[in-house]
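Down below is the structure, laid out as structure tokens.
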Amino acid sequence: MTNNWVDIKNANLIIVQGGNPAEAHPVGFRWAIEAKKNGAKLIVIDPRFNRTASVADLHAPIRSGSDIAFLMGVIRYLLETNQIQHEYVKHYTNASFLVDEGFKFEDGLFVGYNEEKRNYDKSKWNYQFDENGQAKRDMTLQHPRCVINILKDHVSRYTPEMVERITGVKQKLFLQICEEIGKTSAPNKTMTHLYALGFTEHSIGTQNIRSMAMIQLLLGNMGMPGGGINALRGHSNVQGTTDMGLLPMSLPGYMRLPNDKDTSYEQYINAITPKDIVPNQVNYYRHTSKFFVSMMKTFYGDKATKENGWGFDFLPKADRLYDPITHVKLMNDSKLHGWILQGFNVLNSLPNKNKTVAGMSKLKFLIVMDPLQTESSEFWKNFGESNNVNSSEIQTEVFRLPTTCFAEEDGSIVNSGRWAQWHWKGCDQPGEALPDVEILSMIREEMHHLYQKEGGRGIESFEAMTWDYAQPHSPSAVELAKELNGYALEDLYDPNGNLMYKKGQLLNGFAHLRDDGTTTSGNWLYVGQWTEKGNQTANRDNSDPSGLGCTIGWGFAWPANRRVLYSRASLDINGNPWDKNRQLIKWNGKNWNWHDVADYGTQPPGSDTGPFIMSAEGVGRLFAVDKIANGPMPEHYEPVESPIDTNPLHSAVVSDPTVRIYPEDKEFIGSNKEFPFVATTYRLTEHFHSWTAQSALNIIAQPQQFVEIGEKLAAEKGIQKGDMVKITSRRGYIKAVAVVTKRLKDLEIDGRTVHHVGLPIHWNMKALNGKGNRGFATNTLTPSWGEANTQTPEYKTFLVNIEKVGEA
Ligand SMILES: Nc1nc2c(c(=O)[nH]1)N[C@H]1C(S)=C(S)[C@@H](COP(=O)(O)OP(=O)(O)OC[C@H]3O[C@@H](n4cnc5c(=O)[nH]c(N)nc54)[C@H](O)[C@@H]3O)O[C@H]1N2
Ligand SMILES: Nc1nc2c(c(=O)[nH]1)N[C@H]1C(S)=C(S)[C@@H](COP(=O)(O)OP(=O)(O)OC[C@H]3O[C@@H](n4cnc5c(=O)[nH]c(N)nc54)[C@H](O)[C@@H]3O)O[C@H]1N2
Ligand SMILES: [Mo]
């Protein structure tokens with residue numbers, strides 16, 4: 001989230017598009033209800049009339065996978081009707097920047113496409129530069145190569161007629177929503193956007209999010225209380241896991257893992273540090289070397305020296321992307337032989353379950369660290385129709401290591417609003433269970449012994465690792481939290497020679513990190529979470545002097561305890577608030593801290609330093625230079641499995657040309673002749689993924705796998721409420737009880753009638769369902785191709801067929 005949960009109450013308009021918070025985030029959703037009590041409107045754009053829609057002012061049923069067409073239509077409307085916040089757009093976005101003469105978009109492709117590699121050479125997706133390497137701008141916004149004019153041209157195709165043709169949303173309703181959105185271009189009105197997987201789990205997920213971010217920039221809603229782009233995160237600490245680098249290509253603090261092209265520290269740090277391209281900008285990532293070197297000092301201590309590039313060679317270098325979909329591919333290719341699943345029930349959560357089972361069946365060993373006995377740890381058992389394997393042919397040895405769960409240990413959890421909050425252990429774990437940290441530490445200890453005994457590749461980096469916890473087999477949560485925060489390794493002085501820290505003291509903020517080996521920090525984002533004043537994540541002062549829900553005394557919000565990101569953009573250039581009732585920061589003669597911790601440094605009012613301090617330009621990007629794999633501006637592409645076979649904007653390029661489809665997955669692409677219906681998958685309040693399949697009370701509340709079918713489709717197929725239905729995709733089939741509903745409507749898309757079929761995720765072969773018969777995994781049906789930036793599978797839009805197989 002750029003903002004935070006409580007801040008949602010400040011919005012005038014809440015758009016929920018790509019999520020269902022009333023169901024999946026019921027506690028946080030109370031802030032949307034608070035906003036409604038204050039007079040805000042709530043609009044839900046979702047294929048289904050879901051639980052969030054049931055309390056909304058407006059619901060637009062949209063075809064799954066078509067949001068970009070809707071949102072580009074909104075941008076066209078805002079530009080045509082002149083409902084943008086002009087001063088904001090001019091000064092705080094890259095609207096005025098001139099785009100390279102070589103950039104173009106034609107017949108569905110941006111310039112630079114390489115058909116063989118299915119990727120783009122992005123070199124022309126850039127600005128024009130002067131002889132000093134500075135980006136050229138035209139502040140009158142008249143130049144035809146200005147970003148704003150290129151954008152105008154790009155979105156001109158997304159007329160209300162075209163929006164209706166692609167998305168199925170009727171023009172009248174579309175324009176009604178545009179009108180509500182347009183109202184928030186007033187400086188004293190804000191819109192917030194809430195999204196989750198309905199936006200991300202698509203072959204165009206990243207561009208969905210960008211589309212809305214661009215709208216928020218045009219409206220002047222970024223940096224404003226009650227504004228922003230707000231991702232509602234999934235598991236309670238999934239924000240923390242991504243912060244900590246638990247992504248295959250990531251290091252803590254969103255630094256990228258070196259790859260095999262990164263040959264030295266200097267070369268790597270140069271490649272990941274952005275250059276200045278506009279004078280006088282903060283360009284905060286210029287400090288990347290300080291974050292990186294401090295992290296390396298945490299990892300390798302004295303073994304990380306200036307001479308050895310801070311231990312650069314100790315880090316693993318990835319030769320390719322190792323995401324879970326690739327793991328499964330490599331297993332199927334017999335190139336990956338062992339797998340550790342730590343808190344990951346792949347059989348239920350990865351797409352194309354049959355492919356996952358086939359891959360796992362080739363493994364030599366599988367280690368499952370989990371508090372529960374999961375489907376994944378029993379993938380080798382024959383459960384009949386829902387897992388029809390030949391157990392005697394599967395040689396995989398499975399080790400189960402029972403772990404604790406969050407309530408059985410101390411620690412902090414980071415929520416969607418970037419707040420780290422400490423929690424205390426509630427009780428001891430049962431049986432032989434041990435905390436994850438302890439299990440991993442014991443594995444490390446044992447591996448160390450083996451290395452010492454037998455030697456082997458990689459021993460240097462293993463031995464270089466710092467491991468100075470009081471009990472090496474069991475580092476405590478307190479030790480880890482302090483280590484992530486970081487220490488001074490020597491007495492540290494400011495430029496005027498004043499002592500800032502004595503050697504060994506905890507650091508207060510990431511601005512104090514150094515790249516000369518005198519500071520440590522396991523994660524630069526978390527500096528300040530545990531200082532000499534104690535554990536900041538345990539703070540529980542909820543006073544709110546602004547009345548805007550900005551409680552800086554509660555927990556610790558990264559970065560630097562800041563509650564709203566880019567807040568300098570909530571004030572005009574001269575430092576006056578766009579809306580005096582929505583002001584969190586102000587100039588105090590020294591800096592901008594007031595109710596919130598400001599992003600902006602010490603530049604006084606009137607300075608030409610932009611508010612978007614993390615971009616080299618200092619402004620928000622309406623045109624994303626060379627960052628995003630599938631285009632500097634979003635474009636509507638059909639899902640890989642499209643119900644209409646064509647792209648009404650450009651029939652030659654139907655789906656996103658950069659989607660990653662492994663060769664063996666080509667046979668898994670279904671056509672709408674065989675599979676005419678659009679399926680989407682989602683969760684229910686009564687369940688948490690498949691954990692609750694092992695909890696009788698949850699199963700009583702929602703007992704059995706069902707499929708939601710609209711009334712018209714049900715009538716066509718002769719299906720009645722309660723009938724048993726078989727749902728088939730190119731990947732396999734499942735069976736479910738029919739729920740015939742008004743909540744799913746047929747849509748008119750490009751002259752055809754398109755029906756949606758809705759499938760909750762939860763059940764699987766082990767699930768209790770009250771009737772003794774086993775469940776199926778919804779993910780038997782889903783495809784494993786991945787979005788080009790994130791490799792997220794297209795779980796939310798694929799094609800199926802349905803048929804009745806039993807009476808109610
Ligand atoms: N009770 C409960 N809460 C949970 C979880 C749980 O298992 N149970 N899981 C947690 C996790 S890990 C996560 S990631 C979050 C997920 O939170 P959400 O993403 O809010 O949850 P989903 O149920 O996947 O709902 C996505 C919504 O997107 C809609 N949708 C599908 N396709 C499209 C599309 O193309 N466009 C638009 N506009 N909408 C679309 C679906 O109809 C659905 O209403 O929930 C978290 N909260
Ligand atoms: N079709 C479809 N598929 C989806 C989605 C969808 O919307 N549609 N959503 C996707 C999303 S957003 C997500 S997040 C994934 C979820 O995928 P998973 O993360 O695989 O799902 P969970 O069932 O939450 O599995 C987590 C496991 O962690 C265990 N666990 C809990 N606490 C601890 C702990 O402290 N330590 C350890 N070691 N284990 C613990 C639980 O018992 C559980 O078995 O599914 C994805 N799959
Ligand atoms: Mo998730």
Side-chain angles (χ1 to χ4, degrees), residues 15-29 44-53 60-68 70-71 167 194-202 204-205 208 231-238 324 341-351 353 368-377 401-409 411 416 433 435-437 439-440 639 678-694 698 708 743-744 756 758-762 764 777-783 792-798:
I15 299 270
V16 177
Q17 182 170 12
N20 182 12
E23 185 115 28
H25 301 87
V27 178
F29 189 63
V44 172
I45 301 161
D46 197 293
R48 304 181 305 131
F49 183 86
N50 58 22
R51 279 173 166 164
T52 309
I62 188 172
R63 172 168 62 112
S64 182
S66 69
D67 297 80
I68 289 176
F70 188 98
L71 296 168
T167 68
L194 310 182
Y195 76 92
L197 304 177
F199 250 31
T200 57
E201 290 180 336
H202 289 283
I204 39 77
N208 271 336
L232 313 180
R233 305 293 318 254
H235 288 90
S236 64
N237 199 22
V238 70
L341 295 178
Q342 185 186 4
F344 200 0
N345 193 358
V346 286
L347 228 57
N348 287 353
S349 52
L350 289 185
K353 178 195 169 224
V368 181
M369 292 171 61
D370 204 292
L372 301 174
Q373 189 166 345
T374 66
E375 283 79 12
S376 301
S377 65
L401 305 176
T403 69
T404 51
C405 78
F406 71 95
E408 294 155 354
E409 57 198 30
S416 305
D436 289 82
V437 173
I439 296 175
L440 292 174
V678 176
T680 192
T681 59
Y682 43 88
R683 26 192 61 66
L684 305 171
T685 306
E686 294 82 351
H687 296 151
F688 198 89
H689 295 176
S690 41
W691 316 10
T692 41
Q694 311 198 20
N698 298 75
E708 293 193 73
R743 294 188 299 264
L744 276 176
H756 280 76
L759 290 158
I761 50 170
H762 177 258
N764 202 332
T778 298
N779 275 323
T780 309
L781 302 172
T782 50
T792 301
E794 197 152 41
Y795 289 117
K796 289 281 189 265
T797 306
F798 53 94

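Atoms within a ligand are numbered from 1 in the order they appear, just like the ligands themselves.
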[X] heavy atom under 4.0 Å from ligand 2:
X: Glu409; answer: no
X: Asp370; answer: yes
X: Gly234; answer: no

At a 4.0 Å threshold, what atoms of ligand 2 neighbour a non-hydrogen atom of [X]?
X: Met369; answer: 37 (C), 38 (N), 39 (N)
X: Ser690; answer: 23 (O)
X: Cys405; answer: 35 (O)
X: Thr782; answer: 1 (N)
X: Thr374; answer: 44 (O)
X: Gln342; answer: 38 (N)
X: Thr404; answer: 34 (C), 35 (O), 36 (N)
X: Ser349; answer: 3 (N), 4 (C), 15 (C), 16 (C), 17 (O), 18 (P), 20 (O), 45 (O), 46 (C), 47 (N)

What protein heavy atom is closest to [atom], reported as residue, atom name and distance in Å?
atom: atom 28 (O) of ligand 2; result: Gly343 CA, 3.2 Å
atom: atom 40 (C) of ligand 1; result: Pro47 CD, 3.4 Å
atom: atom 2 (C) of ligand 2; result: Tyr795 CD2, 3.3 Å
atom: atom 36 (N) of ligand 2; result: Asp436 OD1, 2.8 Å
atom: atom 31 (C) of ligand 1; result: Thr680 OG1, 3.3 Å
atom: atom 33 (C) of ligand 1; result: Gly198 O, 3.6 Å
atom: atom 30 (N) of ligand 2; result: Pro371 CD, 3.5 Å
atom: atom 37 (C) of ligand 2; result: Thr403 OG1, 3.4 Å

Looking only at non-hydrogen atoms, which of [options] approaches [atom] most closely?
atom: atom 8 (N) of ligand 1; options: Glu794, His687, His689, Arg683; answer: His687
atom: atom 3 (N) of ligand 2; options: Asn237, Asn779, Val346; answer: Asn779
atom: atom 16 (C) of ligand 1; options: Val678, Leu197, Asp46; answer: Leu197
atom: atom 5 (C) of ligand 2; options: Glu408, Glu201, His235, Lys796; answer: Glu201
atom: atom 32 (N) of ligand 1; options: Pro26, Ser64, Gly28; answer: Ser64

Heteroatom proximity flag, [X] to ligand 1, N/O under 3.5 Å:
X: Arg48; value: yes
X: Ile45; value: yes
X: Leu684; value: yes
X: Asn50; value: yes
X: Asp67; value: yes
X: Gly65; value: yes
X: Ala24; value: yes

Quiz item: Below 4.5 Å, heavy atoms only, C-beta onward: do His756 and Ser64 meet side chain to side chain?
Solution: yes
Which part of [X] is near ligand 1, with near meaning a heavy atom under 4.0 Å away: side chain, backbone, both or neither?
X: Ile761; answer: neither
X: Thr685; answer: backbone
X: His762; answer: neither

Quiz prompt | Closest approach of His202 to Phe199 (non-hydrogen atoms, all atoms of both residues) | solution = CD2-O, 3.7 Å
Exercise. Can you see which heavy atom on Ala433 is nearest to which on Thr404, and at what distance?
Key: CB-N, 4.3 Å
Quiz prompt | Thr403 side chain vs Met369 backbone, donor-acceptor pair below 3.5 Å | solution = no
Quiz item: Do the side chain of Thr792 and the main chain of Glu201 share a donor and acceptor less than 3.5 angstrom apart?
Solution: no
Exercise. Establish, from distance only, whether the side-chain atoms of Asn50 and Glu23 form a donor-acceptor pair under 3.5 Å.
Key: no
Quiz item: Are His762 and Thr692 close enough that a side-chain donor and a side-chain acceptor fall under 3.5 Å?
Solution: yes
Quiz item: Does atom CZ of Phe688 have more than 12 heavy-atom neighbours from other groups under 6.0 Å away?
Solution: yes
Quiz item: Would you say Thr52 touches ligand 1, if touching means a heavy atom closer than 4.0 Å?
Solution: no
